[in-house]
Undergrad: 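Below: one structure in structure tokens.
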Amino acid sequence: MKRLFAMRRPLAAAGALLTLQLAFSPASAQEGPAGAKVAAAAPAAATYNWREENAYTLGVQAFAVGYPWIHLSKARWRTANVKPAGHAQGVMAETPSWNTFWRASRLADEYARTGVSPNGDTGYAVAWLDVGKEPVVLSVPKMTGGRYYVMEICAMDGDNFAYVGTRTTGPQAGNFAIAGPGWKGHLPKGVKLLPASRTPTVLIAGRVLVSGNDDFPNIQPWWRQVRLTPLSHWGKPGPAPAGRLDVFKPGDPAQDPLADFRTLNQAWAENPPPEKLAHLVAMFKAVGIGPGMDLDKVDPDTRHGLARAAADGMRMVIGTARASKSASINGWEFEPHAVGRLGDEDLYLERAGLTLAGLVWHDEAEAIYVHGLRDNRGEPLDGGKHRYAVRFAPGAKVPADAFWSLSLYGMDYNFVANAAERFTIGDRTRGLKRDADGGLTIYVQSDPPGADKESNWLPAPKAAFYLMFRGYVPQAPLLAHAWTPPAIARVE
């Protein structure tokens, strides 16, 4: 039997009415990672109230299952309405519209406050598609020079359903139709149908490998040839008319304790949950949660229970995002093999935590993320207390065909500002120095390690942080989790 929720402790089986015993202490409104606001939990009733407790139990389940819809709805609204700050101002230069790419003009840095653990290796591009009425055709030109690129294509449930890129479709040009659920029809010659989206709204997260900010001009000619064309406009001259990305604004849980559930109801009305969740959604509707449900029509006891559920549900998702992923090996922990498709395995709490920490995650076949949460002594990483070193042995080969990198983030899932303006070190970092024996040591600490070592310095804050190792297009040892990055060794 598949598990409904699973981290290191399964909470229940799919299809069962769950009873959760959450050891959350009452708390005032607080700010979660990347602006994820947690409403104040209502005080527990003096006497048992079955309506309230029923709403609380179902509400916590609904929050974990539905969190990707909540989070992606917030990300979509920010794309359409919030102008990036600082160095990121040039990231979204075009009018936010459906079926239109917004392309980064530089690598992500400390000004990219999206809280999605961005990489510092690729130029990003993002597009929101409406495939509810007809497919949208993604056209990509030939990629020359062996440069890696990927178009990760995701539904509003937070899972991938298709890929276009170096690994899956190769460097040649192509036209790929992205269709919504249930679409049936005929495609023009030369257009390949991808697996169908599970929701009418689709997110494309595109990435193109660059060697630094000065490399961006070299990828712009390729990007200018990438097209998104509604099927009804295929073969017609000129670009297709693009409707403005006019989407609903999610509520603020700091102002309304039921805001996230209201967002979920509206998100599910637009992008219904899959049929496999029908039995759960039927239960959730009993407390006012579901596509098109109105929370103002439920009784006060139910609203009180849902307010508690929203607050504790958000804390549960935050805790899951920061929790151990697997057995730690020298401080490194892997995501489950189903990452990118966690909903297929009914790992909804896992998926909720990863959605908060990184929005959408690659399948392992495309990229493997290994989290560095602890040092080789089992203690959490903290640049205010210790210095660390990650040493690759002489002759060591990282089993990744495209590239590898090591990045550092604060506990809000953003890059940390530092004087060196360095956020990532990898196989393309210029000026790295090898050790005398041919090994490679990366110094992870808050203060400069000395002039002779600064080329290999990954600056850390004087506070808690975590590392992320990325291996793109991993080879068999990395896919099997048999290869692990070198230990995060505490130096002092």
Undergrad: List the steps and the verdict of salt bridge (Lys or Arg N to Asp or Glu O under 4.0 Å) for Arg387 and Asp447.
TA: CA-CA 9 Å; Arg387 300 176 182 179; Asp447 54 323; 2.4 Å; yes
Undergrad: Can you tell me how far the CG atom of Leu440 sits from the CD1 atom of Ile425, to the nearest 0.5 Å?
TA: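 Answer rounded to 0.5 Å: 8.0 Å.
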Undergrad: Minimum heavy-atom separation for Trp457 to Ser446, with atom names?
TA: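 Nearest pair, atom of Trp457 first, then Ser446: CZ2-O, 3.6 Å.
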Undergrad: Would a distance-only check, ignoring hydrogens and angles, find a side-chain to backbone donor-acceptor pair under 3.5 Å from Trp234 to Thr229?
TA: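 Checked: no pair found.
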Undergrad: Would a distance-only check, ignoring hydrogens and angles, find a side-chain to backbone donor-acceptor pair under 3.5 Å from Asp157 to Asp159?
TA: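 Present.
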Undergrad: Heavy-atom count around Gln172 CD within 6.0 Å, excluding the residue itself: above 12?
TA: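 Check passes, neighbour count above 12.
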Undergrad: Give the ring-plane orientation class for His337 versus His481, where under 30° counts as parallel, over 60° as perpendicular and anything between as tilted.
TA: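 If you compare the ring of His337 with that of His481, the planes turn out parallel.
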Undergrad: Passes side chain to side chain contact (heavy atoms under 4.5 Å, CB included), Phe392 versus Ile442? Steps please.
TA: CA-CA 8 Å; Phe392 293 81; Ile442 298 172; 4.0 Å; yes
Undergrad: Dump the intermediate steps for side chain to side chain contact (heavy atoms under 4.5 Å, CB included) on Leu209 and Arg428, then the final yes or no.
TA: CA-CA 10 Å; Leu209 186 64; Arg428 290 147 296 104; 3.7 Å; yes
Undergrad: Okay, side chain of Trp404, backbone of Gly426: is any donor-acceptor separation there less than 3.5 Å?
TA: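 No; zero donor-acceptor contacts below 3.5 Å.
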Undergrad: Look at Asp346 together with Lys276 and state whether they make a salt bridge at an N to O cut-off of under 4.0 Å.
TA: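 Salt bridge flag = yes for Lys276 with Asp346.
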Undergrad: For Ser407 versus Phe415, what's the shortest heavy-atom pair and its separation?
TA: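 Looking at all heavy atoms of both residues, the shortest contact is CB-CE2, 4.1 Å.
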Undergrad: Determine whether the aromatic ring centres of Trp483 and Phe469 lie less than 6.0 Å apart.
TA: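 Under 6.0 Å, so yes.
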Undergrad: Just wondering, do Phe423 and Leu107 contact through their side chains at under 4.5 Å, heavy atoms?
TA: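 The answer is no, as the side chains (C-beta and beyond) never meet within the 4.5 Å cut-off.
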Undergrad: Please determine whether salt bridge (Lys or Arg N to Asp or Glu O under 4.0 Å) holds for the pair Asp214 and Arg430, giving the CA-CA distance in whole Å, both sets of side-chain angles, and the decisive distance to 0.1 Å.
TA: CA-CA 13 Å; Asp214 57 356; Arg430 301 165 189 169; 3.1 Å; yes
Undergrad: Using a strict cut-off of less than 4.0 Å between a Lys/Arg side-chain nitrogen and an Asp/Glu carboxylate oxygen, indicate whether Arg207 and Asp121 qualify as a salt bridge.
TA: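 Judged by the 4.0 Å cut-off on N to carboxylate O distance, Arg207 and Asp121 do not form a salt bridge.
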Undergrad: Measure the spacing between CD1 of Ile153 and CZ of Phe161 and express it to the nearest 0.5 Å.
TA: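 So the gap between those two atoms works out to 5.5 Å.
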Undergrad: Donor-acceptor pair, Asn99 side chain versus Asp130 backbone, under 3.5 Å?
TA: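 Answer holds: yes.
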Undergrad: Aromatic rings Phe403 and Tyr472: how do their planes relate, parallel, tilted or perpendicular, breaks at 30° and 60°?
TA: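 Correct class here is parallel.
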Undergrad: Using atom types as modelled and distance alone, determine if a side-chain donor or acceptor of Asp435 lies under 3.5 Å from a backbone N or O of Asp437.
TA: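 Not a single qualifying donor-acceptor pair exists.
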Undergrad: Applying salt bridge (Lys or Arg N to Asp or Glu O under 4.0 Å) to Asp401 and Arg167, what does each step give before you reach the verdict?
TA: CA-CA 10 Å; Asp401 288 333; Arg167 176 184 65 89; over 6 Å; no
Undergrad: Keeping the roles fixed (side chain from Tyr388, backbone from Asp382), state whether a donor-acceptor pair exists under 3.5 Å.
TA: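 The answer is yes, because a donor-acceptor pair under 3.5 Å joins these two groups.
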Undergrad: Should Trp77 and Phe248 count as side-chain neighbours, where that means a heavy-atom distance under 4.5 Å?
TA: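 The answer is no; the side chains never approach within 4.5 Å.
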Undergrad: Heavy-atom distance under 4.5 Å between the side chains of Leu373 and Ser328, does that happen here?
TA: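 SC-SC contact between Leu373 and Ser328 ruled out.
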Undergrad: Grab the two heavy atoms, one from Val210 and one from Gly123, that are nearest each other, plus how far apart they are.
TA: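 Heavy-atom minimum between the residues: CG2-N, 4.1 Å.
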Undergrad: Is the closest side-chain heavy-atom distance between Gln266 and Trp69 below 4.5 Å?
TA: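 With C-beta onward as the side chain, the pair stays apart.
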Undergrad: Would you name the heavy atoms of Gly353 and Ala321 that are closest together and state the gap between them?
TA: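 Minimum heavy-atom contact is O-CB, 3.4 Å.
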Undergrad: Let me confirm one number: the CE-OH distance from Met468 to Tyr466, rounded to the nearest 0.5 Å.
TA: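 The OH atom of Tyr466 is 5.0 Å from CE of Met468, to the nearest 0.5 Å.
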Undergrad: If you look at every heavy atom in Ala64 and Ala352, which pair is closest and at what distance?
TA: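 Reported closest heavy-atom pair: O-CB, 3.7 Å.
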Undergrad: What's the separation between atom CD1 in Ile368 and atom CD in Glu335, rounded to the nearest 0.5 Å?
TA: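 Between Ile368 CD1 and Glu335 CD, I get 10.5 Å after rounding to 0.5 Å.
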Undergrad: Any heavy-atom pair between the side chains of Phe176 and Val137 that's under 4.5 Å?
TA: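 A side-chain contact is absent here, since even the closest heavy-atom pair is not under 4.5 Å.
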Undergrad: Do Asn119 and Tyr124 have side-chain heavy atoms sitting under 4.5 Å apart?
TA: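 Of all side-chain heavy-atom pairs linking Tyr124 with Asn119, at least one is under 4.5 Å.
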Undergrad: To the nearest 0.5 angstrom, please state how far the SG atom of Cys154 sits from the CG atom of Leu129.
TA: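 Rounded to the nearest 0.5 Å, the SG-CG separation comes out at 11.5 Å.
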Undergrad: Given side chain to side chain contact (heavy atoms under 4.5 Å, CB included), test Arg147 with Asn218 step by step and report yes or no.
TA: CA-CA 11 Å; Arg147 190 186 295 266; Asn218 298 321; 3.8 Å; yes
Undergrad: Can you tell if the side chain of Trp223 reaches within under 4.5 Å of the side chain of Val208, non-hydrogen atoms only?
TA: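 The answer is yes, as the side chains (C-beta and beyond) meet within the 4.5 Å cut-off.
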Undergrad: Verify, without hydrogens or angle tests, whether Arg422 (side chain) and Ser455 (backbone) share a donor-acceptor contact under 3.5 angstrom.
TA: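 Confirmed, Arg422 side chain pairs with Ser455 backbone.
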Undergrad: Measuring from atom CZ of Arg374 to atom CD1 of Ile488, what distance do you get when rounded to the nearest 0.5 angstrom?
TA: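 One gets 11.0 Å once the value is rounded to the nearest 0.5 Å.
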Undergrad: Should Tyr409 and Phe465 be marked as a ring pair (Phe, Tyr, Trp, His ring centres under 6.0 Å) after you check the CA-CA gap, both sets of side-chain angles, and the distance that decides it?
TA: CA-CA 6 Å; Tyr409 304 93; Phe465 67 90; over 10 Å; no
Undergrad: Flag the pair Trp98 / Leu228 as yes when at least one side-chain heavy-atom distance between them is below 4.5 Å, and no otherwise.
TA: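 Side chain of Trp98 against side chain of Leu228, heavy atoms only: no contact under 4.5 Å found.
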Undergrad: Please check if the side chain of Thr199 supplies one atom and the backbone of Met156 the other of a donor-acceptor pair under 3.5 Å.
TA: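 Pair found, side chain donor or acceptor close to backbone of Met156.
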Undergrad: What do the steps show when you test His362 against Tyr369 for side chain to side chain contact (heavy atoms under 4.5 Å, CB included), and what is the final call?
TA: CA-CA 9 Å; His362 278 305; Tyr369 308 87; 3.2 Å; yes
Undergrad: For the residue pair Ala108 and Pro118, what are the closest heavy atoms and their distance?
TA: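 Distance-wise, the nearest heavy atoms are CB-CB, 3.8 Å.
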Undergrad: Distance-only, no hydrogens or angles: does the Gln225 side chain make a donor-acceptor pair with backbone N or O of Pro221 under 3.5 Å?
TA: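 Judged by distance alone, yes, a pair lies under 3.5 Å.
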Undergrad: Keeping the roles fixed (side chain from Ser117, backbone from Ala357), state whether a donor-acceptor pair exists under 3.5 Å.
TA: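 Answer holds: yes.
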